[in-house]
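Some notes on the structure that comes next.
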There are 2 protein chains.
Amino acid sequence: MGTVTKALTLLDHFTLARPLIGLSEMARLAGVNKATAFRLLTELQNAGFVEQAGSAREYRLGPAVLRLASLREATVPMREAASTVLRTLADTTGETAHMSLLQGGRLVTTVHALSSRHGTRVTMDDASVLTFHGTGSGLAVLAFLPEPEIKAILSAPLKPHTQETVTDPKRIREQIAEVRRSGIAESVGGFEKDVHSHAAPIFDAEERVMGAIAIAAPVARMTPELRSEIRAALAKGAQELINRLGGHVPAHLRPAA
Amino acid sequence: MGTVTKALTLLDHFTLARPLIGLSEMARLAGVNKATAFRLLTELQNAGFVEQAGSAREYRLGPAVLRLASLREATVPMREAASTVLRTLADTTGETAHMSLLQGGRLVTTVHALSSRHGTRVTMDDASVLTFHGTGSGLAVLAFLPEPEIKAILSAPLKPHTQETVTDPKRIREQIAEVRRSGIAESVGGFEKDVHSHAAPIFDAEERVMGAIAIAAPVARMTPELRSEIRAALAKGAQELINRLGGHVPAHLRPAA
DNA sequence: AAGCGTCGGTTCATTATTTGAACCATCGGT
DNA sequence: ACCGATGGTTCAAATAATGAACCGACGCTT
């Protein structure tokens, strides 16, 4: 692994749950020598990607990422496009909508929109990492990944998040076959208990899957009517978002739509 | 220079004016061998920091920066805090307000707020880089930087942006002395012609200057009344923002306020 | 269509950087 | 006073980065 990759990997260990990381802890998390971690963090710090916070000298993400994100958004206005689509989805279905994107082999939630129709709703955070096997979004993406990548993902150990998480590769294969037929993925309680999520894949200009949009509702509220409403809204929303982002649905999928 | 720093330096060459950069061009801009640029870009690409766009295979910033920015904002909600303060400033003064932050030795505009009171107004972009000598924000920050850094900045060649840009180190020294006295920096037409900008420094928890907030108005609209209104609003806004961000004004400055 | 310049990408021997075990000094808890 | 942890530093050994030259492809001009 190159040094640069290693340095950037360090940044992946910052999460919402762990926004501050000390030197030794970082070395442990990333599996590198403490001296190496120190040198890499120092370089990241000089570039403004991390900074040292407060008393314990722990590291956290720095302001440089804001500049880059601002530029990215100016170049590819994805957040903006997605958030209007998600807003519509959340409003029409009354449930929580979110978009996740494929980033370096992982699926990361990037934008979300909550509905205020119900007192209870599924809450979402941006920047959280989803699994391929346990979430609707994950299945939606997995179904349209190139076969070698599917194989790699399914042959690695699949951690169950809840008692209902499907971890048997064979059953997941069946699930993604169904996703390919219908264009919509579904997962009940696979990531968080009592959450029923539907998702539709998003494709880029080269017809590769780049992420998914999803709607997550409490299991208790799911009815056949809501289910078909959600699936219809998702299909429409996904198509619109793909258009806005300049993407294309693969040819072999279009007839079904 | 470390390899990581070199890789991150590549990212600095993406700007609003140049969001797409080809391999050879990047090598030229960054002053590295084409093979090196290729390897670094490939590593950045695998981490999602850049991606290859469209037909000419040019590179642009990737989606990974969005995740990091989202996390940074969750950890240090600076944009949010700043944008409410800037909103108030823009509303009370009727002019454009913006915040710039020190990042790796450069001053980068991070958030801005426009006023709708007048038909003409100064327009701003996020993520643009300001010079220390030609802008109000630059002078506000420069005045409170450690002496060695001031020296380094003033001994490098200072490019004039307009005919009115002050580039004589001696005169700049005088300007920042005045900034230290009053706490407010001022620059007329130094960056863009016909723009009169006022700025106040922002300090972090260790009393180091971390950036500035500024108000930019058309020269034609500047009157003694507006000027004192702006200076008062800026002083108040800066103090509030410093509080919200958990910073402290250096002890030797406080008596003056 | 031949020539030219540029592009993105690749190769490989040389070189310079990264690496990691061991080492400090410091801090908080027992 | 000790223990175990922390952030940070050192230096010889190992490894990864480097850059000149090269490739095929593309778009011009002649």
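Scope of the values below: all heavy atoms of this structure, side chains included, with no hydrogens, waters or symmetry mates. Below, chain A is the first sequence line, B the second, and so on; all start at residue 1.
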Parallel, tilted or perpendicular: rings of B:Phe49 and A:Phe49 (30°, 60°) = tilted
Roughly, in whole Å, what's the span from [atom1] in [X] to [atom2] in [N]?
| X | N | atom1 | atom2 | answer |
| --- | --- | --- | --- | --- |
| A:Ile21 | D:dG8 | CD1 | C1' | 18 Å |
| A:Glu58 | D:dG8 | CD | C1' | 15 Å |
| B:Met26 | C:dG9 | CE | C1' | 16 Å |
| A:Leu41 | D:dT9 | CG | P | 13 Å |

For a quick test of reading the model: is some side-chain N or O of [X] closer than 4.0 Å to OP1 or OP2 of [N]?
| X | N | result |
| --- | --- | --- |
| B:Ser24 | C:dT6 | no |
| B:Gln52 | C:dG9 | yes |
| A:Arg57 | D:dG8 | yes |
| B:Tyr59 | C:dC7 | no |

Reading nucleotides 16-26 of chain D from 5' to 3' and marking B where a protein heavy atom lies under 4.0 Å of the base, S where only the sugar-phosphate is that close, and - otherwise, the string is SSBBB------
Proximity to the side chain of B:Phe38 - top-ranked nucleotide from C:dG9, D:dT6, C:dG8 | C:dG9
Could you please name the option among C:dG8, D:dT6, D:dG8 that lies closest to any side-chain atom of A:Arg28?
-> D:dT6
Starting at CG of B:Leu86, measure out to CZ of B:Arg79 and round the result to the nearest 0.5 Å.
-> 10.5 Å
Backbone N or O of A:Glu207 within a donor-acceptor pair of the A:Asp204 side chain at under 3.5 Å?
-> yes
Test salt bridge (charged side-chain N to carboxylate O under 4.0 Å, His left out) applied to B:Glu240 and B:Arg244, step by step | CA-CA 6 Å; B:Glu240 182 176 344; B:Arg244 290 202 190 206; 2.9 Å; yes
Begin from the C-alpha positions of B:Glu147 and B:Arg173 and carry the test salt bridge (charged side-chain N to carboxylate O under 4.0 Å, His left out) through to its verdict.
-> CA-CA 11 Å; B:Glu147 179 54 33; B:Arg173 288 278 184 186; 2.9 Å; yes
Could B:Glu51 and A:Arg72 be called an ion pair, given the rule that one side-chain N must be under 4.0 Å from one carboxylate O?
-> yes
